[in-house]
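Hydrogens, waters and symmetry mates play no part in the numbers below; they use all other heavy atoms, side chains included. Values in this document were obtained by computation on a predicted structure and should not be read as measured data.
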Amino acid sequence: MTTTTTTTTTASEILLHSTTFISEIVAQPHLRHSLYSTLRLKIPTSYQTTHKPLNLAAESLENAISTTNPSIQSSSLRLAKKILLSHPQNPFSSFLLSLIHHLCNQPIDASLCLLRLYSLDPSLARSEISPVLFEDLFLVHLLPALQWHNEQKSSILKSLSMKLGYDSDEIAVVVRGTKSLSKMSGNQASGLKELERNYLEVLDENCRVFANYFKDVLEASDDQNAFISPPLVVIETVKDGDVLDHNYEDEQMKSDQLGKQNGRYNPIWAEREKSIEFYTGTSKSKYPPFYPQRVSLRTAKIQNSGKLTTSTDFNSDSEVESWLDENLANYTSSESDAETEPQNTIMAMFEPRQSRNHKLKQPIFAESSRSPEHIMADTDNPPGSVKHTPPKDFVCPITSNVFDDPVTLETGQTYERKAIQEWIDRGNSTCPITRQKLHSIQLPKTNYVLKRLIGSWQEQNPGSLSCQYENPQLESELKSKTTIPSTSPNSVISQATIDGTITELRLAITNLCMSEILKESEMAVLQIERFWQEANMELDIQTMLSKPPVINGFVEILFNSVDTRVLEATVFLLSELGSGDKSVIQTLTRVESDVECIVALFKKGLLEAVVLLYILRPSTVTLVEMDMMESLLAVIKQEEEDLHQMCLKPKAASVLLLGQIIRNSEESIASSVASTIFSSKVFDSIIGSLEAELTEERIAAVGILLRCMQEDGKCRNTIADKAELAPVMESFLGASDGERFEIVCFLSELVKLKSRTFNEQVLHIIKDEGTFSTLHTLLVYLQTANQEQCPVVAGLLLQLDLLGEPRKMSIYREEAIDTLIACLRNSEFPAAQIAAAETIKSLQGRFTASGKSLTRAILLKHAGIGKSYTNLTRMEQNINNSGEIEDNSEEERAVVHWERKMAFVLVSHDFGLLFEALAEGLGSRYAELFSACFESATWLIYMLTLLPDTGILGAARSCLLKRLISILRSAKDMEDRVLSLLALNSFMRDPEGLHAITPHMKDIMKGLRELRKSCPLAFEMLKILSEGHDTTTDFWNHKELVQVDSSGNGEVMSIVCFRDRIFSGHSDGTIKVWTGRGSILHLVQEVREHTKAVTSLAVLQSGDKLYSGSLDKTARVWSIGNESMHCVQVHDMKDQIQNLAVSNSMLCFIPQGAGIKVHSWNGGTKLLYSNKYVKCMALVQGKVYCGCHDNSIQEIDLATGTLGNIQSGYRKLLGKVHSVHALQVHNGLVYSASSALDGAIVKIWSASNYGIVGSLSTTQEVRTMAVSSELVYLGCKGGIVEIWDQKKQTKIETLQTGTSGKVKSMDLDENEEILVIGTSDGRIQAWGLS
C-alpha cells in the first residue's frame, strides 16, 4: 500500500546536503579509500572485468585530488570521466562520477550521480556509503514506513507479553533475555524475522522512489514555476494480503513532536515517561560499601508504589531464577517502553549534524563518542528536566558518585574518604588505581579546594545528578540497564540476550576486583571472557570492563596467576578492550611495572601477549630495551591455529613490531635485527606476510624484507622466488607517502637479481599484477613525490616501460628520464643527485648474486683488466671447477639485449641531454656523485660504439672530453684512469674524435705510458697513436729530475729502485737508501756492514727483503719492510761476489774464478759451468743466462742441469778479449751487449729457439743495460745513455750525464717512468719521461 507525505524538498536543500557530503569525502583520503574498498567488494563476480578500468579511473581521480598543478588535475579528471562513461553504470562508477563532477564545479551533476547510488543499490547507499545523506534527505519522508514497522513489532511483542501474563499498566523489570525468549513460539520468532525482511524491502523501494523524486526536483530547478509533488510512501502488505490502514498523517505529526526539544530531536529524552526510584536497606559493614565486593546477590522487588526495594537475599543464581519465576506473573512489561525504543531508533537519526559526521569518520574500534556518565545522565532525565552530568574530576573513581568528602593521596589520586578508608581497612596498602605502595595509611585532610569547587558547581546546577547511591550494587545495576538505542530493529532480541547475562557478568567483575581468593578471580576472568564472546562486543560490556578498577583487576591476574588458560583469557580481554577504548591503554601504561609484567609473560612463552604489547604502542626505544627479538620470532614461527583468536593476529602484531624496530632504530640495531631475521627460520613466514589481509602487516613486511635485502643481498633471490607481489601492489594506493616510497624501494631492490631473465620475469609481474595500472600509478606518484624519492621511482618506472618496444615513444619513459636528468642537475639536493646517478648506473642491468652493480667491473673487463670482475664473481661463488667464469650463453644474450635497449633510450633522449647532466656531476665535490656519474658516462660512451651511429657520440665528446682527460691526468685511482681511457678510446674510433683529442695528445700519451704495463688497452692505444709517425721523439722525451754527488763513497757499483725508494751500493762497502721528493734525492739511511765494495743489489717481487753481494765474500739479507733497513742474515760465500741474482729458494753469483756458484738458502753451494769465465748473468724462471768473457752466451736450466748455447764464443784476437758486458732478459727476449765484431753492439735473441730477432747498431761501448716494455736503455762509457725504440729498433734519444765517467749501473722504477743511473765517479742521476 502507499500513503501520502506532506514534506517537500527543494533543490537547494538537496544540493546543500549532497555537496556537504561529497566535500567531506574529498577532504578525507582515508575515508575515501575505505569507501572505494567497500564499493569494489560489491561488484558482482560476473563483472570482475570492470575492475581494472574502475581502478584506473579511481587512480586518475586521486591524482587530480592530490596534485596542485591545474593542467594535471584537468587532464586526470577528463581521463577518469572518459573511462567511467565508456562502461556500464554501477554504484562504484556513480560514486566516482559524483566526485569528478564536484571537482569540476558541477554540483547538480554531482548530486544526480550520488542519488543514482540510491537507485542502483539503496541498501548499500544508506547503510555503508552515505548514511548521513539518507538521514538528511530521505528519512524525513519515510516516517510513515517507520511507524508502520513499529506498530507491527509492537503487535508481535504484545502477544508475547499476554502469553507471559504481563500487565501493561505496570512498570517493566529487566529479566534474563533467555527467560522471555524461551516462552516465544516458533511462529512469533519467524514473524519478527519476516517483519524485518519486509521492512528492509520497504526502505529499499522508497529509496528508489525518492531518489527519482529528488532527481526530478534538481532537473526542474531552472524552472521557477515548476513544482514537483512528493511521491507516495510505499507500505508493504504483511498478513495474507491484508493492508494496514492507519491515518499516517496524524501519526507522522505525533512522531514529529515526539522527543523534540529546542527544535531538535533527542531519542534519549523521549525514552521514558516514568522514573524509577531506589532506596536501600541497611549495611552490615562499618561503612557502606562504595565499590564492588563479594556479597550475596541482592535482587530488586517491585512495589505497587513504583519504588524498588532490596529486601531479599539469595545465595545462588538458581534462587534468583525461582524467585523471578514466582513473581513474574504479578508484573508486566509496559508497552510504552516497547513502542518508545523503535521511536528512539528513528529519532536517533536526527542527532545534530556534527555528531553524525563524527560517527562516519570513526574506525571499527574507535571509542564511544559518549562517555558512560553522559549515558547514565541522559537515561535518568525525563522529558522537560534539565540535569547536568558532573565533571569527571568531581566524581570518585571508586563510587562513581560526586565527592562528598574528597581526600587526595600521595599518588595524586583523589577518592571519597569513606570508600578509600574501607579499602585500607580491608588490609590494602596501595593506591587502588596506580597500585603504588602508600608510605602511610593515615588519610590526609579533606581537599577543601575541590570540595568548594564542587559546591559552587552544584549551586550553579541545582538539577545536577548529585545523588549518591549508598549501595554500589544497585548503582551498578542501574548502569548495567543503561543502553544506547540501536538503529537496527534486530537490537530488541540481541539486547534481551545481553540484559539476561548482565547480572552474572556483574558478579564476575565483583569477584575479579575484590576477591582475595586467586582461584575465584581466575574463574571470574574465564566467565568474563565467555560473556564477551557471546555478547559480540556490545558497548554496554565494553563500558563496564573498561573502568580502571576492572583493568587493574585483570593486571593483578597477570601478576599472580600461573594458569596458562587464565593468562591467555586475560590478555585476550585486555587486547579487545584496548583496541576499542584508549582509556584502557592509558590505564595500562600509567604504571611501568604493568607493561614490564606483560613483557615478562610474553618472553616466558605467552605469545598472545604480543597483541596487547602492540596495542599499547610502545616507543621504538622501549621495544629495543625490552629485548623481545627471540619471542617475536617465536610468534612468527608458530602456526596460527595454535594461537588464540584475537582482534589482531599475533603474527601480524609481531611483524608490525619488528617493522617498527627496523624502521625507527639506529643503523646498527636495524642491521642486527635484519641479520637475525635472515639467519632464522622465519624468513619465509615474513615473506608470507606480503599476502596478509591487514594492509599494515603487508607494509611492515615490505620494510623488513627491504632491510634484509640491504643487509644481505643474497636473500632477494628467495624473496623474488616466493613472494606474491599482487597484494603489495594493492597496498600501494592506500598507503602513506612514506610507505609508498618504501614499497617502491622494495620493488627496486627486488629486481637487482643476477639472472637477467628472472629479473624481467619479476618486472613483468610488477607491471601486470594487481587491479590497477602499475605504470600509471607510478607516474602519478612520480609527479607528486619528494625530490629525494623521485630517482628511485623514475628508475623503476623506466625499467617497467622498457619491457615493451624501446623505439616507440612512451610518456612513462620520457617522464622517467626527464626526472632523472632534473634530479641529477639539481645541486640544491645532493642526496637526490647521488640517487639519480646511482640509479642510472644500475640500469645497465648486471648485478652480483648479492645485488651489487657490476657496471664498474664489466667496464674494467672491457679495458682488459678483468681482475675486479673475477674477484667479484669469485666472491659470489660463481666459478666452476676449472676456475673459469661460467658462461651461460642464453643469459648473456638476455643481458646484452637489455643493456643495448637501456643505453639506446638513455642516450637518445633529447639528443644526448643526459651527457650534459653527467658532465656537471663530474664537477661535483661529492665523491659518491662523481664516481656514479663517471661510471655511468663511461658505460654510455662505450655503448655508443656498439649502437647505430646517430651523431650522439659527438654530443657526448663535446660535453665530456676535457673531463675525461683531466681524470686520466690527475686521478689517483688507477682504475679511474683506465675507465677514462676506455671512454677516450671510444672517441678515438671516430675520425672527428681523433682530431679533437690531438691538442691533448701529450697528456694522453703520458697516461698511456704510465698504464701500458698494467692495462692492455693502454698498450694498444699507444701503438695506434704511435703508428704513422716518422719520429717518436714527440712521444718519448726524458728530462733530468735530480742528480747527487756521492763520490765520497767511491763508485756506484750497483743500484736498484723499489717503490718510492732507491738503494745504491758503493765501492767502499756502503749501502745508501734514498727517497725522491720534488727535484731532490733525500738520503734516508746509510749502512756500512760490508767491508769491501758492494758489487750487486737485488730485490724480490715480495718486496720485503733486499739482497747484497760484496767482494768481502759475503751475501747479506736486509729487511726493508719497515722505514729503516737492517741486516737479518749473513751468508759466507767463501768467494768474492762479482754479481748476484736471487730467487725464493737460492742465490746465484759470479765468483772470482770460473763458472757460476748456486747457493741454497738451506746452506749448500755447488759450482756450475766451470769451464767458462762469466762476465754477467740473469736469473729468470729457474734458468740462468750467462754472458761470458769469450763472447759466448749460455742458458743453464737449474732444475735439470742442461746447457743451451745461444751464442758461440770467439778466440782472442791479437790478445784482445771481447766480453759480453751486459745481459738482460725481458718478455722472452735476451738482450746482450758486447764488442762490435760483426757490426752490432747489442743483439736481441729469442729465449725459446735461440734465434736472433734484431740488433741495435750503436757506436758506443755499452757497460750496463735496462729494458722496459717499449724502450731499451744503454749505459755507455763517457757518461752517455742511449734510448732505443724496442719495436722499431731505432735510437730515440741520447742522454748526457755531464760526466766523463762510465755508467756502471742503472734501473727502472716499477712504472717504467723513471730511470736511475750510477756512474764510476760516484754520481747518481734520475731521469723521467716528460
Side-chain angles (χ1 to χ4, degrees), residues 1044-1077 1081-1152 1156-1167 1176-1179 1184 1198 1264 1304-1310 1316-1319 1322-1324 1326:
V1044 294
D1045 186 357
S1046 189
S1047 58
N1049 299 105
E1051 297 181 1
V1052 182
M1053 304 287 290
S1054 59
I1055 198 163
V1056 64
C1057 296
F1058 181 72
R1059 294 178 183 165
D1060 59 344
R1061 288 184 285 181
I1062 300 171
F1063 300 89
S1064 61
H1066 300 263
S1067 59
D1068 66 348
T1070 302
I1071 298 177
K1072 292 185 176 182
V1073 184
W1074 309 83
T1075 182
R1077 296 175 185 171
L1081 273 181
H1082 293 271
L1083 182 62
V1084 177
Q1085 187 178 1
E1086 179 178 348
V1087 294
R1088 188 174 180 181
E1089 297 188 16
H1090 285 290
T1091 58
K1092 293 185 179 181
V1094 178
T1095 56
S1096 57
L1097 296 172
V1099 179
L1100 286 179
Q1101 291 297 322
S1102 58
D1104 57 348
K1105 291 180 182 179
L1106 171 73
Y1107 299 85
S1108 64
S1110 172
L1111 297 179
D1112 65 1
K1113 301 182 181 181
T1114 63
R1116 292 180 179 266
V1117 183
W1118 307 82
S1119 173
I1120 59 173
N1122 300 322
E1123 292 184 1
S1124 63
M1125 180 181 72
H1126 61 278
C1127 183
V1128 293
Q1129 283 182 338
V1130 179
H1131 296 272
D1132 186 1
M1133 299 290 104
K1134 309 296 184 185
D1135 205 342
Q1136 291 183 345
I1137 299 175
Q1138 304 295 330
N1139 195 354
L1140 68 76
V1142 296
S1143 67
N1144 289 324
S1145 59
M1146 68 185 72
L1147 176 148
C1148 299
F1149 69 93
I1150 302 174
Q1152 186 175 9
I1156 286 180
K1157 286 189 176 182
V1158 179
H1159 176 76
S1160 172
W1161 296 124
N1162 295 328
T1165 303
K1166 62 181 178 179
L1167 179 65
C1176 56
M1177 72 172 185
L1179 175 62
V1184 179
L1198 296 178
T1264 185
K1304 296 281 290 184
S1305 56
M1306 66 171 54
D1307 194 23
L1308 290 165
D1309 73 332
E1310 59 184 349
V1316 182
I1317 63 175
T1319 66
R1323 293 178 182 273
I1324 298 175

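Remark: D1309 pairs with no residue by the side-chain hydrogen bond (donor to acceptor under 3.5 Å, both in side chains) rule, at least two apart or across chains. Among residues two or more places apart in sequence or in another chain, the side chain to side chain contact (heavy atoms under 4.5 Å, CB included) test is passed with D1112 by H1090, T1091, K1092, S1110, T1114. A search for salt bridge (charged side-chain N to carboxylate O under 4.0 Å, His left out) contacts involving D1132 returns K1134, not counting sequence neighbours. For the ring-ring contact (aromatic ring centres under 6.0 Å, His included) test, residues two or more places apart in sequence or in another chain that qualify with H1131 are H1159, W1161. Here A1141 pairs with M1177, L1179 under the side chain to side chain contact (heavy atoms under 4.5 Å, CB included) rule; sequence neighbours left out. By the side chain to side chain contact (heavy atoms under 4.5 Å, CB included) test, E1089 is found to be paired with R1116, W1118, C1127, residues two or more places apart in sequence or in another chain being considered. In terms of the side chain to side chain contact (heavy atoms under 4.5 Å, CB included) criterion, residue partners of S1047 (sequence neighbours excluded) are, by chain and number, D1045. The salt bridge (charged side-chain N to carboxylate O under 4.0 Å, His left out) test applied to K1113 returns no partner, not counting sequence neighbours. In terms of the side-chain hydrogen bond (donor to acceptor under 3.5 Å, both in side chains) criterion, S1305 has no residue partners (sequence neighbours excluded). Every residue was checked against the side-chain hydrogen bond (donor to acceptor under 3.5 Å, both in side chains) condition with T1095, not counting sequence neighbours, and none meets it. With sequence neighbours left out, D1104 forms a salt bridge (charged side-chain N to carboxylate O under 4.0 Å, His left out) with no residue at all.
Interatomic distance, CD1 of I1137 versus CD1 of I1150, reported as 11.0 Å (0.5 Å rounding).
Under 3.5 Å, the side chains of K1072 and S1046 contain a donor-acceptor pair of N or O atoms. H1066 and S1064 share a side-chain donor-acceptor pair at under 3.5 Å.
Residues V1099 and K1105 fail the side-chain proximity criterion, which asks for heavy atoms closer than 4.5 Å.
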